[in-house]
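One structure is given below, encoded as structure tokens.
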Number of protein chains: 2
Amino acid sequence: MTPDLEAAEVLLAVDELGSIGRAAERLAITQPAASARLRSMEARWGLTLVERSARGSHLTADGRAVAGWAAAVMEQVTAMNAGLQALRRDHDRDVRIAASLTIAGFLVPSWLGALRSQRPDASPQLAVVNSAEVTERVRAGAADVGFIETTDLPEDLATRRVGTDTLAIVAAPGHPWASRDSPVTAEELAAEPLVLREPGSGTRGTFDSALARVPNIALEAGSTASLIGAAQAGIGPAVVSARAVRGQLDRGELVEVETDLDLRRPLTVLWSWDRRLSATAEALLRIATVPA
Amino acid sequence: MTPDLEAAEVLLAVDELGSIGRAAERLAITQPAASARLRSMEARWGLTLVERSARGSHLTADGRAVAGWAAAVMEQVTAMNAGLQALRRDHDRDVRIAASLTIAGFLVPSWLGALRSQRPDASPQLAVVNSAEVTERVRAGAADVGFIETTDLPEDLATRRVGTDTLAIVAAPGHPWASRDSPVTAEELAAEPLVLREPGSGTRGTFDSALARVPNIALEAGSTASLIGAAQAGIGPAVVSARAVRGQLDRGELVEVETDLDLRRPLTVLWSWDRRLSATAEALLRIATVPA
DNA sequence: CACACCTCATAAACTGCGTCTATGACTCCC
DNA sequence: GGGAGTCATAGACGCAGTTTATGAGGTGTG
């Protein structure tokens, strides 16, 4: 089901280096091994991805398309690895990060990747907790920097805006709202049974205050994946971070429903005035607060 | 370097099914195998991802974060597989798709994934060629549907808007433009040596006509990856599809430069009036033209 | 024009990882 | 206290992918 990843790595290396042998060297395997990986991938799919010649190898048109997809895969894999590495409770860490689930899921791994390339020596530590707990940890010094997605910021901590998260209302393609032309109003939203995160989460807080009413609950769940699954299953429209459903929207598995409500919320980084940030923490801050 | 993918699959299945044994069943392996995969992943990273109990297993907080990242990875893998499958020159295919590189790279695989889930029997065939060639193939009947990203549409074919692609001007963080507050003007763009796609590509065509001048070339390359690499290396600002650099922007490896120019362009699907579309082709069309 | 140098492919042996079968320990619940 | 579920452990097996060693083909050069 999930093969070819090593082969895809070879493909990318060949694209960059122009030769199977040098690609092998880069990946620290022998040339026949690299060759075999490529050949088995080509055989599996019945495609010719690489044009071999006596003066090196270059990708075919198909190969270039596949390389593009492979790069996207590798990007996610790298992000996951960066996240995993940071999740490890380590001895000599450099930056202790606390982040809420949404930010940890969709932004932190990218930042960690960038941090790692800027400062290979850095060993960040990541804790994934809810927004309130993030604030608490930063205040207590258990985390050096914290990332939250709530609108009300603590007064006693240093804050800086790092971006915007937009909530999306998404419905299965068969849902009546999927084919509306007019935005859904707050009244309608309050009347419809919805699929929501649990109270206490930043996502839910944002939605509740934008709605200014008590929502009607079809299902409450703690993980984004569950919400998405429920919406797809037709249990009801779900309210989730737009970033989390980009794939499903592109694929037409879910449809975004327009609304009157302002569902944007600032993403904020927190740190304590009292403690000075390490150089690594400052670098992370700089990466995160890139001029959007 | 790229391990744990099978372990990540187990993790996702455990999250969904609540038990290692049932996860194993879903993945068509035995329970000890699934257990071993998980344990080796946990050992590798020094984390506890799954809380085992006599009444089943559920993810820890760390596990939930990892599962989110894993889902993103699997999504890309699925997209790549769908693309690979469609790339295969097949005998009994159902829809022959032609798409330009940008669309093939970032949208088609998602659509194919959705198509596959709607019509598991479908066997789409994908050709990745430039915009002019796409039109030609549809006209000649060598492709059933074509996707292009140029503004001038052929009069003799049926067309429908499927979305918008926005070009982004991106520069390395060290580049002077990276820290500007004012948009870059057409004059400035024309004066600066830029990293661009080759003439004839849809991307280049859009840029040239928006610029309405002859650009100054720092480097011309045929693949998006090369452009990105060149921009990161500081050879000059690059002009690429915004979708292609989302990761680099999030990670702060590149910075988007604001501009006066309108760099949006419609994405269009083409087909021939003469030939009737297969049911599968129609389904694909419906997926692609989801109400944005 | 021949030789050196690069490319990639082939062949055979080996290593080891991951899997399966079989079993056991534990917890919960009736 | 038995039964039904959970997951872990142990040992044997099989095979996939690797390495080393070699060969074949094209390119360029003195």
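Here the structure is a predicted model, which means the values were calculated and not measured. The sequence lines fix the lettering, A, B, ..., with proteins before strands; numbering per chain opens at 1.
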Cut-off 3.5 Å, no hydrogens considered: what does the side-chain donor-acceptor table look like for residues 27-38 of chain A, sequence neighbours left out?
from     : atom 1 : to       : atom 2 : distance (Å)
Ser35(A) : OG     : Arg39(A) : NH2    : 3.4

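Under a 4.0 Å N-O distance rule, the pair Arg44(B)/Asp4(B) qualifies as a salt bridge. One finds a salt bridge joining Glu75(A) and Arg251(B) here, because a Lys/Arg side-chain nitrogen approaches an Asp/Glu carboxylate oxygen to under 4.0 Å.
Applying the 4.0 Å criterion to OP1 and OP2 of dA9(C), one finds that Ser35(A) has a side-chain N or O inside that range. Note on Ser57(A): a side-chain N or O is less than 4.0 Å away from OP1 or OP2 of dC8(C). Using a 4.0 Å cut-off, no side-chain N or O of Arg55(A) falls inside it from OP1 or OP2 of dG25(D).
Leu17(A) has its CG atom 16 Å from the P atom of dC6(C), to the nearest Å. dC8(C) atom C1' lies 17 Å from atom CZ of Arg37(A), rounded to whole Å. Atom P of nucleotide dG17(D) and atom CE of Met41(A) are separated by 13 Å, given to the nearest angstrom. Here the C1' atom of nucleotide dA25(C) and the CZ atom of Arg52(B) are 16 Å apart, to the nearest Å. In this structure, the CD atom of Glu51(B) is 14 Å from the C1' atom of dT27(C), given to the nearest Å. Residue Glu9(B) contributes atom CD, which lies 15 Å from atom C1' of dG18(C) at whole-angstrom precision. Spacing between atom CG of Leu5(A) and atom P of dG17(D) amounts to 13 Å, rounded to whole angstrom units. Distance, His58(A) NE2 to dT7(C) C1': 14 Å, rounded to whole Å.
Considering Ser131(B), Ser100(B), Ser241(B) as possible partners of Glu149(B), the one that fulfils the side-chain hydrogen bond (donor to acceptor under 3.5 Å, both in side chains) test is Ser100(B). A side chain to side chain contact (heavy atoms under 4.5 Å, CB included) with Val50(B) is found for exactly one of Met41(B), Glu42(B), His58(B), namely Glu42(B).
Sparse packing is recorded around CD of Glu25(A), with 12 or fewer heavy atoms of other residues, nucleotides or ligands lying under 6.0 Å away.
Annotation: of the two residues near DNA chain C, Arg39(A) and Gly56(A), the 5′-most nearest-nucleotide partner is Gly56(A).
Residues of residues 18-32 of chain B having a heavy atom closer than 4.0 Å to DNA chain C, listed by number: Ile29(B), Thr30(B), Pro32(B).
The residue Ala33(B) sits close only to the backbone: its heavy atoms come under 4.0 Å of sugar-phosphate atoms, none of a base. Ser40(A) comes within 4.0 angstrom of no nucleic acid atom, judged by non-hydrogen atoms across all strands.
Of all heavy-atom pairs spanning Gly83(B) and Trp69(A), the tightest one is C-CZ3, 3.3 Å.
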